[in-house]
Amino acid sequence: MIKKYSKIQYFLLLFVSIALCMGCNGKAENVSVVYLIEGDNANKIETSTIQDLKKDLEKVLDEEVVVVKENSKIPKNTLVFILGTPDNNTVVENMVSEGKIEISRLKPGAGIWAKNIYGENDAIAIIGSDVQGFQYAIYDFSKDILGVDPLEYWTGKLPENKSVEDLLNFLPKTIAAPKVPILTYFENDVDELANFRGELLKYDWESYTEMINSLVRLRYNSIQLFDMLGRPEFFIRPEYKTLKPDYQIDIDYVDKMIDYAHEKGMKVAVDFALGYQIHPMDADKADCWKEYKADWLKAWRYYFEHTPLAKTDIFILRPRHQVWDWEYESTCGESKIEVFNEVYEAFGALVDEYKPNSNKVLVCYSDGMEMWNNGFRPPKDWTVLWSDHGFGEFEHLPNTTDGYDFGTYMHAGYWLNHTVHNPYPEKVESVMKEMFQNYDADNYCLVNGQNFRPFLLNLVAYSEICYDPDAFHADTFYKDWTEQYFTPKAALHAVKSMKLLNEAQEGRKGYVEHLWEIREAVSYLSNAPIKRPGKTPVPYDYDRVISDVENVKRVNAVLQKSLSEAELGYEILDRNDNFYHSYILLPAQLYSDLIGFEIELHKMAMLKKEFETTKDIRYLNEAISLLPTAKKKLDIILDRRSSGDIDDKWKNWYAIANRRQNNGFPTYEMLSAIEANLNKMTL
């Protein structure tokens with residue numbers, strides 16, 4: 001039986017058929033292979049970046065993705081990516097010369113996305129004015145069009161599947177060069193990242209390379225190596241000698257690390273301090289320049305001539321003690337300003353001899369800023385970085401830039417809050433914009449990322465404000481950053497929790513700072529001085545304890561609100577989001593655990609003081625009665641740090657054995673010492 005259709009049904013069917021046929025004839029339909037055209041002269045960085053794009057496309061497409069050289073034969077009716085720079089790809093060069101695209105070689109760091117035709121194929125052109133601009137354009141395309149998270153390895157966020165048509169759904173875009181041309185990541189205080197699954201005090205290769213991969217995608221175009229050069233603590237300080245008595249720098253591994261950074265398009269920066277195990281100078285020679293000048297110069301020449309540091313691209317120096325990172329105090333009657341006026345001229349001459357035209361960077365850390373304001377001046381070809389106090393703000397400001405190129409040294413994390421991050425996009429916005437506007441400090445930004453993983457939010461914030469300060473607004477940043485990972489409702493709670501976490505760390509306080517306060521309380525409760533290897537013991541003192549009490553109460557009240565907000569967001573996500581747990585909930589829990597324990601010690605300390613004042617034994621007995629509660633709270637701290645993340649990928653990150661050796665850590669032995677002392681006092 002033949003089905004009959006009304007005229008209306010007939011025309012509807014005809015319309016649908018025509019529409020389907022039109023779709024069948026589209027060039028992007030039925031694509032089985034996507035081709036990436038690489039220039040014949042593409043260098044290693046371009047090739048590496050194109051391989052990254054290939055991997056990103058393979059994450060989101062069902063089609064095969066193939067890299068081919070220019071002038072390769074490509075089938076009709078497929079999708080083509082034209083990739084590279086005018087200097088290294090003649091297809092790109094021809095497009096520029098024929099006016100099909102506009103890009104200037106005179107604007108380093110710029111790039112474009114454009115839709116075009118290549119033969120009879122749809123084409124997407126991703127082009128840079130130079131190699132760095134090409135990288136920025138590629139990685140932005142991966143993030144914005146493909147949905148690939150630059151921090152995917154660390155967050156676990158995976159992109160959704162795309163069709164070939166989805167890839168073509170964008171408007172042509174010019175990617176401007178960054179406001180700050182050099183953005184350097186400082187690998188410093190990296191213990192947890194180096195320890196959690198590899199050889200102690202040495203990055204496992206996966207962690208290091210994944211960190212570099214993420215940094216490049218965030219526009220960090222250089223990395224300052226520090227810990228991995230064998231910082232003096234690792235082989236001199238008793239705590240580290242106990243942790244790893246056979247510590248030995250692996251110079252070949254350092255060389256490999258530098259090569260990988262270069263392959264990914266990053267310059268390598270090194271502070272040419274003289275205490276690294278890679279070639280340490282005697283610390284006794286580091287506090288008298290006029291007597292040991294020849295030794296300093298000899299040590300620097302050794303770096304250039306016999307170590308992988310010869311591959312350094314950016315040369316950093318601090319006007320401080322050159323073995324230990326503390327103030328230079330001359331043992332031979334020198335003015336430190338006069339000393340470093342000479343030092344920077346002499347070291348700068350060595351850089352010019354071995355690596356001419358390299359960047360030279362003065363980091364005015366700590367007393368270096370006071371020295372600057374009192375007349376310290378390196379040669380004019382040094383870029384001057386003004387340093388924050390560790391938590392995104394400045395204790396001092398320059399009284400003049402004196403015509404020098406100025407930049408900033410900022411902290412995404414600091415050793416005083418090393419375990420739990422202090423989120424402060426608001427500070428990033430206000431402080432950096434002030435430095436750009438008032439001091440033209442936009443020539444360079446060095447960002448201390450500590451052990452990287454806990455400090456992602458601030459790292460991204462510094463990246464974005466250094467790229468386009470006018471477009472950066474803290475509240476918008478917070479919203480956009482959290483909503484890419486969590487639902488909008490959960491994101492609201494995440495932001496509230498992080499803002500409260502920041503408030504809890506007011507006054508340069510943080511997790512590691514509270515570890516010292518706990519030691520002060522333990523010292524007083526056990527009538528024992530605080531022992532510090534290599535330093536004078538600190539006598540026990542109730543005044544130190546009582547000075548912390550009110551602030552700790554305030555911190556606890558704010559932390560409870562932060563924890564409550566974090567828990568509300570976690571419940572909305574049905575408790576199945578590993579990244580929310582690790583980045584929003586767990587930090588609030590860890591900090592709250594520690595503060596709860598400190599509060600219990602403070603209660604005991606105040607009761608002990610009452611006994612000492614009144615001689616009423618009831619106060620001492622009450623203090624002793626709190627010991628079981630203190631032990632339970634210590635149990636919670638140790639259990640949480642032992643279990644850590646719910647994601648097995650990060651197992652052992654918070655293990656006590658892997659933590660940075662700063663300010664010690666509370667132990668059951670401390671509680672036993674307290675108990676023994678309090679019992680003794682009752683006799």
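Counting from 1, the numbers follow the sequence of the chain as shown. The basis for the numbers below is simple: all heavy atoms, side chains too, and nothing from hydrogens, waters or symmetry mates. Here the structure is a predicted model, which is why all the values come from computation and not from measurement.
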Can you tell me how far the [atom1] atom of [X] sits from the [atom2] atom of [Y], to the nearest 0.5 Å?
{"X": "Met432", "Y": "Met410", "atom1": "CE", "atom2": "CE", "result": "5.5 Å"}
{"X": "Leu634", "Y": "Leu601", "atom1": "CG", "atom2": "CG", "result": "9.0 Å"}
{"X": "Lys633", "Y": "Glu600", "atom1": "NZ", "atom2": "CD", "result": "4.5 Å"}
{"X": "Ser214", "Y": "Leu456", "atom1": "OG", "atom2": "CG", "result": "8.0 Å"}
{"X": "Leu500", "Y": "Met498", "atom1": "CG", "atom2": "CE", "result": "11.0 Å"}

Flag the pair [X] / [Y] as yes when their ring centroid distance falls below 6.0 Å, and as no otherwise.
{"X": "Trp154", "Y": "Phe579", "answer": "no"}
{"X": "Phe272", "Y": "Phe315", "answer": "yes"}
{"X": "Tyr467", "Y": "Tyr136", "answer": "no"}
{"X": "Phe226", "Y": "Phe186", "answer": "yes"}

Short N-O contact, [X] and [Y], less than 4.0 angstrom:
{"X": "Arg660", "Y": "Glu192", "answer": "no"}
{"X": "Asp56", "Y": "Lys54", "answer": "no"}
{"X": "Glu233", "Y": "Arg231", "answer": "yes"}
{"X": "Glu199", "Y": "Lys244", "answer": "yes"}
{"X": "Lys311", "Y": "Asp255", "answer": "yes"}
{"X": "Lys157", "Y": "Glu152", "answer": "no"}
{"X": "Lys631", "Y": "Asp635", "answer": "yes"}
{"X": "Arg217", "Y": "Asp140", "answer": "no"}
{"X": "Lys499", "Y": "Glu565", "answer": "no"}
{"X": "Lys651", "Y": "Asp645", "answer": "no"}

| message | Go through it in stages, so that I can follow the logic: the residues are Arg320 and Glu327, the test is salt bridge (Lys or Arg N to Asp or Glu O under 4.0 Å), and I'd like the CA-CA distance, side-chain angles, deciding distance and then a yes or no. | response | CA-CA 5 Å; Arg320 291 167 70 73; Glu327 182 178 351; over 6 Å; no

Query raised in the report: Between Tyr302 and His279, what is the ring plane arrangement, given parallel below 30°, perpendicular above 60°, and tilted in between?
Result: parallel

Quiz item: Going by the angle between their ring planes, with limits at 30° and 60°, are Phe477 and Phe472 parallel, tilted or perpendicular?
Solution: tilted

Is the terminal nitrogen or CZ of [X] (NZ for Lys, CZ for Arg) located under 6.0 angstrom from the six-membered ring centre of [Y] and within 45° of that ring's axis?
{"X": "Arg453", "Y": "Trp650", "result": "yes"}
{"X": "Arg508", "Y": "Phe391", "result": "no"}
{"X": "Lys241", "Y": "Phe234", "result": "no"}
{"X": "Arg318", "Y": "Tyr365", "result": "yes"}

### Task
Would you sort out whether Glu517 and Lys509 count as a salt bridge (Lys or Arg N to Asp or Glu O under 4.0 Å), showing the intermediate values?
CA-CA 11 Å; Glu517 294 177 1; Lys509 294 288 185 179; 2.9 Å; yes

Compare all side-chain heavy atoms of [X] with those of [Y] and state whether any distance is below 4.5 angstrom.
{"X": "Ile182", "Y": "Asn221", "answer": "yes"}
{"X": "Leu151", "Y": "Leu218", "answer": "yes"}
{"X": "His581", "Y": "Tyr570", "answer": "yes"}
{"X": "Asn663", "Y": "Trp415", "answer": "yes"}
{"X": "Cys364", "Y": "Leu385", "answer": "no"}

- request: Step by step, work out the side chain to side chain donor-acceptor pair (under 3.5 Å) result for Asp313 and His262.
  value: CA-CA 10 Å; Asp313 306 294; His262 280 155; 2.6 Å; yes

If we count only N and O atoms by modelled type, under 3.5 Å, do the side chains of Glu206 and Tyr153 hold a donor and an acceptor together? yes

Handout entry: Pair Tyr139, Asp52: side-chain N/O donor-acceptor within cut-off below 3.5 Å
Key = yes

Between Val190 and Asp227, the two heavy atoms sitting closest are N-OD2, 3.0 Å

Exactly one candidate in Leu317, Asp325, Val361, Val363 meets side chain to side chain contact (heavy atoms under 4.5 Å, CB included) with Asp271; the answer is Leu317

Given the options Phe455, Tyr583, Tyr591, His421 meets ring-ring contact (aromatic ring centres under 6.0 Å, His included) only with Tyr583

Would His418 and Tyr511 count as a ring-ring contact (aromatic ring centres under 6.0 Å, His included) if you check the C-alpha gap in whole Å, the side-chain angles of each, and the deciding distance to 0.1 Å?
-> CA-CA 7 Å; His418 186 259; Tyr511 189 97; 9.8 Å; no

